[in-house]
Amino acid sequence: MFVQLSHTSFAMVGIFQRSLRLRTSLRQLSFHKSTSPTDILSSLVLRGRLFPICSPFVFFSFRRTLHNSNDGPKSLSDTPPPRRPFCRVTQEDLTFFRTLLPGRAITDPDLLESSNVDWLKSVKGSSEVLLRPQTTEEVSQILRYCNSRNLAVNPQGGNTGLVGGSVPVHDEIVLSTALMNNILRFDDVSGILTCQSGCILENLSLYLEERGHIMPLDLGAKGSCQIGGNVATNAGGLRLLLYGSLHGTVLGLEVVLANGQVLDCLSTLRKDNTGYDLKQLFIGSEGTLGVITAVSILCPQKPKSVNVVFLGCETFEQLLKTFQLSRSMLGEILSAFEFLDSECLNLLRTHLKLHNPISDCPFYIVIETQGSDSNHDEEKLHNFLEEAMQSSLVVDGTVATEEAKIKALWSMRERITEALTHDGFTYKYDISLPVERIYQLVTDMRQHLGERAKSVVGYGHVGDGNLHLNITSPAKNPALLAAIEPFVYEWTAKFQGSISAEHGLGLKKRNYIYYSKSSQAVALMGTIKAILDPNGILNPYKTLPDNLR
């Protein structure tokens with residue numbers, strides 16, 4: 001049963017708060033009431049002689065030129081780069097793979113279909129070979145062979161990426177980590193989990209929950225994404241506000257380099273200040289520097305008290321003030337602060353038949369708290385909600401602590417991506433901005449596009465300034481894409497934001513990296529790539545711009 005509160009009867013809250021019914025009510029409570037960057041590496045000069053089609057040795061020099069934002073890059077998201085001079089798979093190659101991986105070197109086009117197409121069905125490759133190793137040694141032998149033969153390799157985890165980074169562009173060999181799904185060990189004293197990279201995130205979560213711990217990240221795609229892919233893309237997710245990014249929670253990695261060398265940095269130490277922290281190079285590198293085969297990660301203890309709140313606000317300014325209030329009043333128990341706009345909720349209602357648990361509002365908030373004392377947490381939460389109502393920051397809301405109701409409230413946030421797939425072709429942008437700016441981009445984009453777009457919606461992680469901007473149209477529309485890009489990147493750069501907050505650059509965003517990184521930084525990335533993968537066989541055409549291979 002829901003307890004209804006309104007501004008007119010809010011004086012009753014004081015009596016309600018002093019009552020022992022406070023704690024039980026929280027089990028189920030409803031209440032009512034710049035400029036763009038201008039300096040890029042713009043030319044690519046091939047030095048020396050022309051190289052044969054299968055030559056692995058290509059050297060490049062780069063010169064810097066000024067880039068005028070008014071003549072900025074046109075939309076390149078849908079423009080695949082030309083195939084580089086990699087060798088093509090021969091019968092001799094297939095014999096090697098089939099001998100190394102009996103029954104796990106796949107060439108059946110029907111079985112290859114799902115590995116050639118990304119989750120959004122917006123990028124499709126033409127790979128003819130899918131390799132499914134089970135051990136690090138098998139990955140090592142595959143890469144050693146491919147490097148010697150100049151065969152391009154596309155590492156693939158759960159294939160849940162949104163920027164085309166997990167599927168081939170041309171005929172690269174797909175190296176799937178799906179069968180590398182063993183949990184190697186777990187230390188329940190330190191909370192450190194060590195596992196192979198192909199472990200499904202949700203399976204790891206269930207394993208840890210049985211042992212009184214949880215994974216430090218939670219994603220909508222947890223049922224299919226793999227921990228290796230999460231690390232390779234530095235996935236952020238819903239718990240970053242409390243537990244931080246994978247750059248902090250990943251303690252060690254085992255990585256196979258392009259030449260087959262196994263780099264063992266699989267440390268389980270929280271403190272190790274001996275030399276360079278090499279694992280950080282591979283977190284977020286999107287499989288371009290090496291193939292992650294094992295991960296050690298610090299896992300928090302499972303909270304004894306979890307509350308989820310779904311609130312409604314009239315303005316985004318009120319939403320931001322609610323965020324400030326939550327930080328000050330909820331403090332250490334605040335684990336997530338997410339938002340979605342009314343357009344998102346309309347999509348959930350229309351396409352997924354999800355029921356809005358509160359009255360219609362322009363903006364909605366999902367707040368999660370995690371703690372060790374339910375009485376303490378519920379009292380803090382009640383005081384926060386009381387203050388939010390008295391300050392007229394929120395006008396409606398509901399709270400749940402039961403697992404089923406918690407999942408129902410989280411579905412309002414986690415299933416937006418699913419709802420968008422039913423609305424038409426979706427152009428997706430993962431932007432990081434100063435918190436006060438994140439929704440301004442949505443309103444400016446709506447004004448910029450006018451009736452050219454079917455829907456322009458915004459949702460994301462207020463706690464870390466991460467906006468997910470999504471634009472739909474009835475079908476794929478090159479004219480609409482040209483209107484979106486580079487406008488969205490110029491706008492982001494103007495306010496010192498990042499064009500990719502947590503999904504990486506992949507294929508779609510590779511050529512826009514200069515909007516977030518200086519030419520010197522990008523050039524250094526190219527140098528690192530050349531050292532670790534001199535032949536460029538690992539996930540080519542991804543992350544780095546076309547003029548820096």
Side-chain angles (χ1 to χ4, degrees), residues 77-78 80 106 109-127 130 132 154-170 172 174-179 181 197-205 217-238 284 286-288 292 344 347-348 351-352 411 413-431 455 457 459-460 466 468-473 475-476 481 500-510 539 541-543:
S77 290
D78 281 4
I106 312 300
D110 293 334
L111 298 178
L112 274 159
E113 179 68 20
S114 61
S115 296
N116 268 310
V117 182
D118 70 329
W119 183 78
L120 292 174
K121 295 182 172 53
S122 61
V123 177
K124 184 173 184 178
S126 54
S127 176
L130 167 64
R132 292 163 61 86
N154 182 98
Q156 187 175 93
N159 197 14
T160 60
L162 302 179
V163 290
S166 58
V167 294
V169 177
H170 296 291
E172 303 90 84
V174 177
L175 193 161
S176 169
T177 56
L179 299 183
N181 56 5
S197 60
C199 290
I200 300 295
L201 180 60
E202 188 171 39
N203 294 343
L204 293 178
S205 297
L217 74 160
D218 187 22
L219 308 172
K222 58 190 171 187
S224 52
C225 66
Q226 299 174 12
I227 187 61
N230 298 152
V231 174
T233 57
N234 190 26
L238 306 171
E286 303 185 73
T288 62
I292 297 172
C344 289
L347 293 176
L348 292 168
H351 300 300
L352 303 183
S411 67
R413 164 64 180 84
E414 291 183 322
R415 298 187 67 187
I416 296 172
T417 297
E418 179 186 351
L420 282 161
T421 63
H422 297 283
D423 198 55
F425 189 87
T426 307
Y427 298 95
K428 306 183 75 67
Y429 299 91
D430 164 41
I431 306 295
S455 299
V457 307
Y459 63 96
N466 183 186
H468 296 301
L469 171 69
N470 288 259
I471 301 159
T472 67
S473 61
K476 200 170 184 179
L481 180 60
S500 178
E502 60 179 1
H503 289 157
L505 296 168
L507 171 71
K508 295 181 180 180
K509 316 300 180 189
R510 70 197 187 282
N539 218 11
Y541 322 108
K542 317 286 178 56
T543 307

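In this chain, numbering begins with 1 at the start of the sequence shown. Computed from heavy atoms alone, side chains included, the values below leave out hydrogens, waters and symmetry copies.
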K.L.:
Atom CG of N181 and atom CG of L204: how far apart are they, to the nearest 0.5 Å?
P.N.:
9.5 Å
K.L.:
Are T421 and W119 packed together at the side-chain level, in the sense that at least one heavy-atom pair is separated by less than 4.5 angstrom?
P.N.:
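Yes, side chains in contact.
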K.L.:
Kindly compute the distance separating CG (L111) from CD (E113), expressed to the nearest 0.5 Å.
P.N.:
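Interatomic distance, L111 CG to E113 CD, rounded to 0.5 Å: 10.5 Å.
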K.L.:
Compute the centroid of each ring, for F425 and then for Y427, and state whether the two points are separated by less than 6.0 Å.
P.N.:
yes
K.L.:
Under 4.5 Å between any side-chain heavy atoms of K428 and T417, yes or no?
P.N.:
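Yes; the side chains approach each other to less than 4.5 Å.
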K.L.:
Can you give me the closest heavy-atom contact between G164 and V123, atom names plus distance?
P.N.:
CA-CG2, 4.1 Å
K.L.:
For the side chain of T472 and the backbone of S455, is there at least one donor-acceptor N/O pair under 3.5 Å apart?
P.N.:
yes
K.L.:
Which heavy atom of G228 sits nearest to which heavy atom of I292, and what is that distance?
P.N.:
O-CD1, 4.0 Å
K.L.:
With the side chain counted from C-beta on, respond yes when D218 and E414 share a heavy-atom pair under 4.5 Å apart, and no when they do not.
P.N.:
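Yes, close enough: below the 4.5 Å cut-off.
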K.L.:
Roughly how far apart are C344 SG and N470 CG, rounded to 0.5 Å?
P.N.:
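Atom-to-atom, C344:SG and N470:CG are 7.5 Å apart.
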K.L.:
How many angstroms lie between atom CG of D118 and atom NZ of K508, to the nearest 0.5 angstrom?
P.N.:
5.5 Å
K.L.:
Would you say N539's side chain and E286's backbone share a donor-acceptor pair under 3.5 angstrom?
P.N.:
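Confirmed, N539 side chain pairs with E286 backbone.
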K.L.:
Are any side-chain N or O atoms of E202 and backbone N or O atoms of K222, one a donor and one an acceptor, separated by less than 3.5 Å?
P.N.:
no
K.L.:
Sequence neighbours excluded, which residues qualify as side-chain hydrogen bond (donor to acceptor under 3.5 Å, both in side chains) partners of T160?
P.N.:
none
K.L.:
Heavy atoms only: give me the nearest L179-R132 pair and the separation to one decimal.
P.N.:
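L179 and R132 have their closest heavy atoms at CD2-NH2, 3.2 Å.
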K.L.:
What residues, two or more places apart in sequence or in another chain, satisfy ring pair (Phe, Tyr, Trp, His ring centres under 6.0 Å) together with H503?
P.N.:
H468
K.L.:
Considering all heavy atoms of both residues, which atom of I106 and which atom of L112 are nearest to each other, and what is their separation?
P.N.:
O-CD1, 4.0 Å
K.L.:
Can you tell if the side chain of V167 reaches within under 4.5 Å of the side chain of N159, non-hydrogen atoms only?
P.N.:
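In short, these two side chains touch, coming nearer than 4.5 Å.
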K.L.:
Would you say that L120 contacts L162 through its side chain, given a criterion of any heavy-atom pair below 4.5 Å between the two side chains?
P.N.:
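Result yes, sub-4.5 Å side-chain heavy-atom pair found.
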K.L.:
In sequence, state the C-alpha distance, the side-chain angles, and the governing distance for K124 and N116, and then conclude on side-chain hydrogen bond (donor to acceptor under 3.5 Å, both in side chains).
P.N.:
CA-CA 5 Å; K124 184 173 184 178; N116 268 310; over 6 Å; no
K.L.:
Do you know which two heavy atoms are closest between S176 and A178, and how far apart they sit?
P.N.:
OG-N, 3.2 Å
K.L.:
Between atom CG of L130 and atom OG of S114, what is the distance when rounded to the nearest 0.5 Å?
P.N.:
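Here the rounded value is 7.5 Å.
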K.L.:
Give the table of side-chain donor-acceptor pairs shorter than 3.5 Å for residues 230-237, with sequence neighbours excluded, one pair per line with atom names and distance.
P.N.:
| unit_1 | atom_1 | unit_2 | atom_2 | d |
| --- | --- | --- | --- | --- |
| N230 | ND2 | Q226 | O | 3.4 |
| T233 | OG1 | G229 | O | 2.8 |
| T233 | OG1 | N230 | O | 3.4 |

K.L.:
Is a side-chain donor or acceptor of D430 paired with a backbone partner of A501 at a separation under 3.5 angstrom?
P.N.:
yes
K.L.:
Are K542 and L505 side-chain neighbours, meaning at least one heavy-atom pair lies under 4.5 Å?
P.N.:
no
K.L.:
Within the 4.5 Å heavy-atom criterion, are L420 and L347 side-chain neighbours or not?
P.N.:
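Heavy-atom side-chain distance check passes, below 4.5 Å.
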K.L.:
Is any side-chain heavy atom of V174 closer than 4.5 Å to a side-chain heavy atom of P168?
P.N.:
yes
K.L.:
At their closest point, which heavy atom of C225 faces which heavy atom of L219, and how far apart are they?
P.N.:
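What the structure gives for the nearest pair is SG-CD1, 3.9 Å.
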K.L.:
Can you tell me how far OH of Y541 sits from NE2 of H170, rounded to the nearest 0.5 angstrom?
P.N.:
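If we round to the nearest 0.5 Å, H170:NE2 and Y541:OH are 4.5 Å apart.
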